[in-house]
Peer 1: 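Below you will find the structure I want to go over with you.
Throughout, a chain's letter reflects where its sequence line sits, starting with A, and its residues are numbered from 1. Keep in mind that what you see is a predicted model, and the values were worked out from it rather than measured.
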There are 2 protein chains.
Amino acid sequence: MGRKTTKSGKIRLTEVAKLAGVSPITASRFFRNPEALSLSKRERVDSAVKELGYVPNLAARALASHRTEVIGVVIPSLTNNVFADVLRGIYDSSEGSRYSIQLANTRYSILQEEKLLQLFRAQKPAGLIVTGINQTAESRAILESMNCPVTQIMEIGDAPVDMMVGFSHYDASFAAISHILAQGRRRIGFLGARMDPRVQRRLDGYRDAMKAASMFDASLIVTTSVPTTVTLGGTLFADLLAQAPDIDAVFCVNDDLALGVLFECQRRQLSVPRDVAIVGFNDLEFMASAVPSLTSVRTNRYEMGRHAVTMVIDAIEGRRPQEPVLDLGFQLMVRESSVPPNT
Amino acid sequence: MGRKTTKSGKIRLTEVAKLAGVSPITASRFFRNPEALSLSKRERVDSAVKELGYVPNLAARALASHRTEVIGVVIPSLTNNVFADVLRGIYDSSEGSRYSIQLANTRYSILQEEKLLQLFRAQKPAGLIVTGINQTAESRAILESMNCPVTQIMEIGDAPVDMMVGFSHYDASFAAISHILAQGRRRIGFLGARMDPRVQRRLDGYRDAMKAASMFDASLIVTTSVPTTVTLGGTLFADLLAQAPDIDAVFCVNDDLALGVLFECQRRQLSVPRDVAIVGFNDLEFMASAVPSLTSVRTNRYEMGRHAVTMVIDAIEGRRPQEPVLDLGFQLMVRESSVPPNT
DNA sequence: ACAATTATTGACAGCGCTACCATCGGATTG
DNA sequence: CAATCCGATGGTAGCGCTGTCAATAATTGT
C-alpha cells in the first residue's frame, strides 16, 4: 500500500488534504495564510506536504486566483555593468521569497518599453520594477492602470508612479565637477555616450556647476548617442582635444569612457593627473586599481536592486513604505587621477 | 451597442470565437496551429482578435495543456561580463518567439544548481539552457527526466544531456600558450581565479602545452577560488613574481585579471611586452584599447546565447538538429602585449 | 461514380486551484 | 441566558483554456 510515491505523478492539493484529513481548501490556506489555521491542522498539512513531496501548480493557482507571483523587471541593457549589479541585487532579494523575476530588456528604447509593459499587463504581475522616470505618457498610463506596486529605479524625481529608489544624477554630477574645480582645474571637458535620460541629467549637473563657476564653454562638451565602450572613450577624448586643446580635466559619464581616456592619455604621453585630471562615474571595480587610480562617483547599485524588490514585495503584501521615494545617494571616491600629483 | 470594449474586462477566447462565428476550440487553434485552419476562418479569427484586443491567458493555457512556454536559463553569475553577453544573445533570440525566459543564478554552486533545477522541474518548462557540463549526478538525473529539450552551453564535451553549444576551453588555452611559446617566451606564468570547471580546463590546457614544450613548472601557477576582479589580477601577479621572479609572460584565465596584471606592471615599471608578455581570455572590449593592446582569446558568447535558444526552440517544435553538439570555436586575437616590441 | 482518405471543425470534459459564501462551535456581552 | 460576534473550516463553482475524439466536409483514386 506504499503509494506515497515521490514520483512526479499526480500529487495534487487534494491528495495532501486527504492525507492530512482536512478539506482541500484548508490545505490551500496552509500555503497562502498559514496563520489562519489551527496549530494542529497546520502541522498535519505540513507533514502531508513533506511526505508526498507536493509541489503547487502555479498555473492553476494563477488561473483560480487571478494573480501571479511574478515581479516584472524592465531594464534598458543587459551588458551595462551597472545593470548587472542592480540585477544581482534584485535576484538576491527575490530568492527565498515566493516571487519570481521576469526580466525584460528595452535596449534603451522607450517604445520597446511601452510594448514590454503591454506584455506585462497581460500577465498581471504581482509587482513591477522599471528603470528611470522618463516613460512615455502611454507607458505611464499602463503602469498606473496595472493595479500592482511599481518601483522606479536608478534615479529619483518628483512624480513617482508609485515608489522610487535611486539617487540624483544631477547632484552626483554637480558634486564631481565641484570637486574638480576645487582642485584648481578650469577647463573641464565633458564626455558622454549613449545619452539616455540619466546621462542627460549628469550633463545638466555639469553645465550648472560650470556655469556657477563661470567656466562653462560649450566647446568643452563632446557627446554621442553611440553605446559606450572603452575604445569610444579614447575616440571622444581625441575629439575633445581637437576642439579644446587646452583642457586640464575630463569628466566622463561612465567609467568605461574614463578608462578609454586614460589609455588615450598613455598613448599620447599625457600625464594623468598632471596634464589632465580624469573623473568617471559609477565606480566600477577597476577604477581603484588603474594606474593612476581613477576618481569616480560611487553609486549603490546592488542596494538599489535589493531595495526595489523589498519595497515591491512589501507593498504587494500590504506593507507600504512611509516614504515612497528612497534616495540611496552617492559617494565621490577621490583618487589619484583628480588630485595634484604631489600632495 | 458598442460593447467592443478595449477595456481590460472580460475578453476571453469565447468572445473572440463568438465574434468570428467559430467554436472556441477553433479560435484556440488559431494561436497554436494556424495552418490547420481554413484561410477564411483564420482571417475571421484574426480580425476578431484584433478588434477585441484579445490577449491569451497564459495561466489557463498552461493549466489546460500541461505545458508552459517558458525556457529556463541557469547561469552561474550575473556580474560576469561573459554571461552578460550570453544573456543578451538569449534574450535577443527569444524575442519574437512565443517563449519567455526564466533566469536563475547558481552563484557557481552546483548544489544551488540542483535546487534551481528542482524548482524548474515543478514548473514544467518548455526547454532548458544550463551552463557547463559539470552537473551533479542528481542534477543530471533531473535534466534527463524533464522530458524537454536541454542545451548545455559555454563548453562542449562527450556526453551531452541532450544538446550542447560551446567551445573547448582546453583547446583555446592550449592555443594561447602555444602562441606565447612561439614568441620565444619560456617562463609563462598562469593566473587563475574562481576556479570553476571551465577555468580548470584552461589550466589543463596550459599544463599540457607547457609540458609538451618541456617548460612546465608548478611554481609558475597561481590560483585562487576568490571571485575575479581587476584588483585581484594585480595581487595574483605580485604573488607570482614573488614565487617565480624570472617569468617572462603571464596567461590569465580572464581579461579582468589581465588588466590587473597590466596595471601592476605599470606600477612596477615593468615593460609590456618587453619584460612580461600578457595574454587574457574572452576578449572583452577593453582589451583592444589598452596600452599596450592586450592579446586575448575571443569567444563567441553572444552567438552562443543565440544558438542555444534557437536550438532549444527548434527542438521544442520538433526540429531536432542533425548534430547535437555545436562547437563555436574561438579566435586568438594577437595584440601588442604578446609580440616582440620591435617587429 | 463511389468508397476511401484527408482536411476542418466542434462537443465535451476537466486541468488544479482558490473566491465566495455558508456553517458551526465557542467566546463575549448586557 | 439569549443575542451577537468571531475564528476556523468546508462546499460549491468556476477561472480560461485545450486534449481527446468524434463528426462533417472536401478531396482523391480507380
Peer 1: Which residues in residues 32-42 of chain B have at least one heavy atom lying under 4.0 Å from any atom of DNA chain C?
Peer 2: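 Hits under 4.0 Å, by residue number: B/Ala36, B/Leu37, B/Ser38, B/Lys41.
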Peer 1: Using 4.0 Å as the upper bound for N to carboxylate O, is an ion pair formed by B/Arg306 and B/Glu303?
Peer 2: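 B/Arg306 and B/Glu303: not salt-bridged.
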Peer 1: Rounded to the nearest 0.5 Å, what separation is found between the OG atom of B/Ser139 and the CG atom of B/Leu117?
Peer 2: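 Between atom OG of B/Ser139 and atom CG of B/Leu117 there are 5.0 Å.
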Peer 1: Side chain of B/Ala64 only, please: which of D/dT18, C/dA19, C/dC17 is the nearest?
Peer 2: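 Selected nucleotide: D/dT18.
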Peer 1: Hey, mind stepping through A/Gln123 and A/Gln102 against side-chain hydrogen bond (donor to acceptor under 3.5 Å, both in side chains) and telling me if it holds?
Peer 2: CA-CA 11 Å; A/Gln123 291 184 229; A/Gln102 185 71 51; 4.9 Å; no
Peer 1: Out of D/dG19, C/dG16, D/dG16, which nucleotide sits closest to the side chain of A/Ala60?
Peer 2: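 Side chain of A/Ala60 sits closest to C/dG16.
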Peer 1: In whole Å, I'd like the distance from the CD atom of A/Gln123 to the P atom of D/dC15.
Peer 2: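 Taking atom P of D/dC15 as the reference, CD of A/Gln123 is at 21 Å.
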Peer 1: Atom CZ of A/Arg61 to atom P of C/dC15: distance rounded to whole Å?
Peer 2: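 Distance, rounded to whole Å: 18 Å.
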Peer 1: Taking all heavy atoms of A/Met164 and all of A/Met311, pick out the closest pair and write down the distance.
Peer 2: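 Nearest pair, atom of A/Met164 first, then A/Met311: O-CE, 3.6 Å.
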Peer 1: How close or far is atom P of C/dG16 from atom CG of A/Leu58, stated in whole angstroms?
Peer 2: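 One finds 13 Å between P of C/dG16 and CG of A/Leu58, rounded.
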Peer 1: Is it true that B/Glu95 and A/Lys115 make a salt bridge, defined as a side-chain N closer than 4.0 Å to a carboxylate O?
Peer 2: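 Looking at B/Glu95 and A/Lys115, the cut-off is not met.
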Peer 1: Give the minimum heavy-atom separation between B/Asn134 and B/Ile110, together with the two atoms involved.
Peer 2: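 Reported closest heavy-atom pair: O-CG2, 3.8 Å.
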Peer 1: Starting at NE2 of B/His66 and ending at C1' of D/dG19, how long is that distance when rounded to a whole Å?
Peer 2: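 My rounded result for the distance is 8 Å.
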Peer 1: For a quick test of reading the model, state the closest non-hydrogen atom pair linking B/Gln118 to B/Glu138 and the distance between them.
Peer 2: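 It is NE2-OE2, 4.3 Å.
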Peer 1: Can you check the B/Leu13 CG to C/dA11 P distance for me, whole Å?
Peer 2: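 The answer, rounded to whole Å, is 14 Å.
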Peer 1: So, are B/Asp46 and B/Lys50 salt-bridged, with charged N and O less than 4.0 Å apart?
Peer 2: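 So B/Asp46 pairs with B/Lys50 through a salt bridge.
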Peer 1: Side-chain N or O of B/Ser23 less than 4.0 angstrom from OP1 or OP2 on C/dG10?
Peer 2: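 Answer yes for this pair, as a side-chain N or O of B/Ser23 is under 4.0 Å from OP1 or OP2.
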Peer 1: Aromatic rings A/Phe31 and A/Tyr54: how do their planes relate, parallel, tilted or perpendicular, breaks at 30° and 60°?
Peer 2: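 Rings of A/Phe31 and A/Tyr54: tilted, as their planes differ by 30° to 60°.
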Peer 1: Without decimals, in angstroms, what is the distance between A/Arg12 CZ and C/dG14 C1'?
Peer 2: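 Between C1' of C/dG14 and CZ of A/Arg12: 11 Å.
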Peer 1: Using five pairs at either end of the helix from C/dA1-D/dT30 to C/dG30-D/dC1, determine the angle between the two local helix axes and round it to 10 degrees.
Peer 2: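 Taking five pairs per end, the axes differ by 20°.
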Peer 1: Can you tell me the distance, in whole Å, between the CD1 atom of A/Ile25 and the C1' atom of C/dA22?
Peer 2: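 Taking CD1 of A/Ile25 and C1' of C/dA22, I get 13 Å after rounding.
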Peer 1: With a 4.0 Å cutoff (strictly under), does any side-chain N or O of B/Ser28 reach OP1 or OP2 of D/dC17?
Peer 2: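 Answer no for this pair, as no side-chain N or O of B/Ser28 is under 4.0 Å from OP1 or OP2.
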Peer 1: Closest to the A/Arg29 side chain: D/dG10, C/dG10, C/dT18?
Peer 2: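 Taking heavy atoms from C-beta onward, the closest nucleotide is D/dG10.
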Peer 1: Starting from P on D/dC17, measure out to CZ on B/Phe31 and report it in whole angstrom.
Peer 2: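 Taking CZ of B/Phe31 and P of D/dC17, I get 9 Å after rounding.
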